[in-house]
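Below, chains carry the letters A, B, ... as their sequence lines are ordered, and counting in each starts from 1.
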Amino acid sequence: MNLTLKVWRQGGPNHKGKIETYPAEDIPEEASFLEMLDIVNERIITDGGEPIAFDHDCREGICGACSLTINGVPHGRESAITTCQLHMRKFRDGDTIWVEPFRARAFPVLRDLVVDRSAFDRIIEAGGYISARTGSAVDANATPVPKADADEAFEAAACIGCGACVAACKNASAMLFVSAKVKHLGNFPQGQPEAKRRVLAMVRQMDEEGFGNCTNQYECEAVCPKEITAEFIADLNRGYAKASLEETLG
Amino acid sequence: MPSAASSIVSFYRSSIGKKLVVAITGLGLVAFLFGHMAGNLKVYAGPDKINSYAAWLHSMPALLWAARLGLLACFFGHIVTTVLLVKQNRAARGEVGYAYNATVQASRASRTMIWSGIIILCFVIYHLMHYTMCIGNEYESASYIDAAGRHDVYKMLVDGFSWFPASAFYIVSMALLCWHLSHGFASCFQTLGLRGERSWPLIKAAGYGVAAVIFIGNCSIPISIMAGWVSY
């Protein structure tokens, strides 16, 4: 396949970036999107240029490292996959593809297509944990968990924290991410001791990081590679309202 | 432990706190829309019914003003909080936007809420000047007192909507209001956390239903007056 790439190039966090055009010729259609970028980068290096910087790690859709907004959609148009799982056969020969970083004020560009997503780490640090006794393992069935609750928590726990929800949101809101984390810990008895503190602290950190506010357009759930539902955002809203009320009256 | 006052302040400063204020005030405004529409539809029952309804409302000034102040609080709470949210949201997007913009599933109504809202605000100002404060017209003069000595709301409505530009602006504004509600109504439930997997399709359908009922009910009045079906 022969393609044209329009790629965001930016030398560093404080550099002014711009879109540059690269030919991507003789690309095998079984290549993944990242492999296609590898091929293009090898040619750029051969020609003496600076390769395009992009994030990647496991390349099998489970680590959350890869990003890229492809033709305006984080992880591309195909649903429920990450960029590393996107294959070139989904494009047509001769296509022009726009490749941009995940954009949000809270995700500053470090270089080219690499953005700093440590804001998510700080949200997790604020409350995305449970306090558990370490040492000898507790018997697996000591605390009964209803199957439906466990299933729902598992759906929320599928979030890999890639940040596509933020990148797709017209308001750069991180509420799908935060709601998934609050849900997955709060759905278990083990997550109850910190439940109230968790939701307040994580939402406050989210606001502090400069993410926007959900306006219920659900672009986030449409692009989420793990199909996290916006229903969790409704649960987060209710949980936050309840915890705030308890704090006010408490 | 923070004090109650500081908790309330930090609640309003938070993203979800502000969203909840917009949702609750929005539902308050929807409740008003239904009450207002039900009252106005009395125009079809004839001059006596609607004039006596208006006189009844004005016979309880304390209650009327309490309702008006509540409505005003919802109105300003909804607008001011939304403007704050929009400002934050624009800032959150960052200075550099996407060169290639795409939308996967966000509805057009959801992406133009601020614009439909601003036009509705202009309409509300005009509507209040037109019928409540009677600026630029003679609806408070002696010729608008009916045989029973009451304010002739019926005649005021017929005269007001007989002027084509007023009716046209009214219908366009109602269309935008319903466009606003088609996203806003279901959104309130999402923000309040009152949705489940099974109830969500029903809530969305109810949002479209509410929008349609408000549009048809309200627009029927200027249309009936322009067509001459309601006259004196």
Can you tell me which of [options] forms the most heavy-atom pairs within a distance under 4.5 Å of chain A?
{"options": "B/Q105, B/Q88, B/R90, B/E95", "result": "B/Q105"}
{"options": "B/S14, B/A102, B/S15", "result": "B/S15"}
{"options": "B/I8, B/T103, B/L20", "result": "B/T103"}
{"options": "B/A106, B/G17, B/G196, B/S10", "result": "B/A106"}
{"options": "B/A99, B/A5, B/G94", "result": "B/A99"}
{"options": "B/T191, B/L85, B/V22", "result": "B/T191"}

Residue part contacting chain B, namely of [X], when any heavy atom lies under 4.5 Å:
{"X": "A/V166", "value": "backbone"}
{"X": "A/E231", "value": "both"}
{"X": "A/F211", "value": "backbone"}
{"X": "A/T215", "value": "both"}
{"X": "A/I233", "value": "both"}

* **Side-chain touch B/Y131/B/L157, heavy atoms, less than 4.5 angstrom** => yes
* To do: With side-chain contact (heavy atoms from CB on, under 4.5 Å) as the test, would you mind laying out the steps for A/C169 and A/M175 before giving the verdict?
  => CA-CA 10 Å; A/C169 178; A/M175 283 181 68; over 6 Å; no
Could you tell me which portion of [X] (side chain, backbone, both or neither) has an atom closer than 4.5 angstrom to a non-hydrogen atom of chain A?
{"X": "B/A91", "result": "both"}
{"X": "B/V86", "result": "neither"}
{"X": "B/L192", "result": "backbone"}
{"X": "B/R111", "result": "both"}
{"X": "B/E197", "result": "both"}

* Considering only heavy atoms and a distance below 4.5 Å, find which of A/K6, A/R103, A/R238 pairs most often with chain B. =>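 When all of A/K6, A/R103, A/R238 are compared, A/R103 has the most.
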* Asked: Do you know which of A/S79, A/P108, A/C214, A/P101 has the most heavy-atom pairs under 4.5 Å to chain B?
  ->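 Heavy-atom pair counts peak at A/C214.
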If I take atom [atom1] from residue [X] and atom [atom2] from residue [Y], how far apart are they, to the nearest 0.5 angstrom?
{"X": "B/I120", "Y": "B/W179", "atom1": "CD1", "atom2": "CH2", "answer": "12.0 Å"}
{"X": "A/K183", "Y": "A/L176", "atom1": "NZ", "atom2": "CG", "answer": "12.5 Å"}
{"X": "B/M174", "Y": "B/L33", "atom1": "CE", "atom2": "CG", "answer": "7.0 Å"}

* Run the ring-centre check on B/F123 versus B/Y170 and record whether the distance is less than 6.0 Å. =>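 Here the rings of B/Y170 and B/F123 have centres that are less than 6.0 Å from each other.
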* To do: Could you check whether the rings of B/H78 and B/H180 sit parallel, tilted or perpendicular, using 30° and 60° as the cut-offs?
  =>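 Rings of B/H78 and B/H180: perpendicular, as their planes differ by over 60°.
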* To do: Would you mind checking if A/R204 and A/D207 are paired as a salt bridge, meaning a charged N to carboxylate O distance below 4.0 Å?
  => no
* **Sidechain N-carboxylate O distance under 4.0 Å for A/E78, A/K90** => yes
* Begin from the C-alpha positions of B/F215 and B/Y208 and carry the test ring-ring contact (aromatic ring centres under 6.0 Å, His included) through to its verdict. => CA-CA 11 Å; B/F215 180 76; B/Y208 295 127; over 10 Å; no
* Asked: Distance-only, no hydrogens or angles: does the A/N171 side chain make a donor-acceptor pair with backbone N or O of A/G212 under 3.5 Å?
  ->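 No, the answer is negative, given that no donor and acceptor are paired below the 3.5 Å cut-off.
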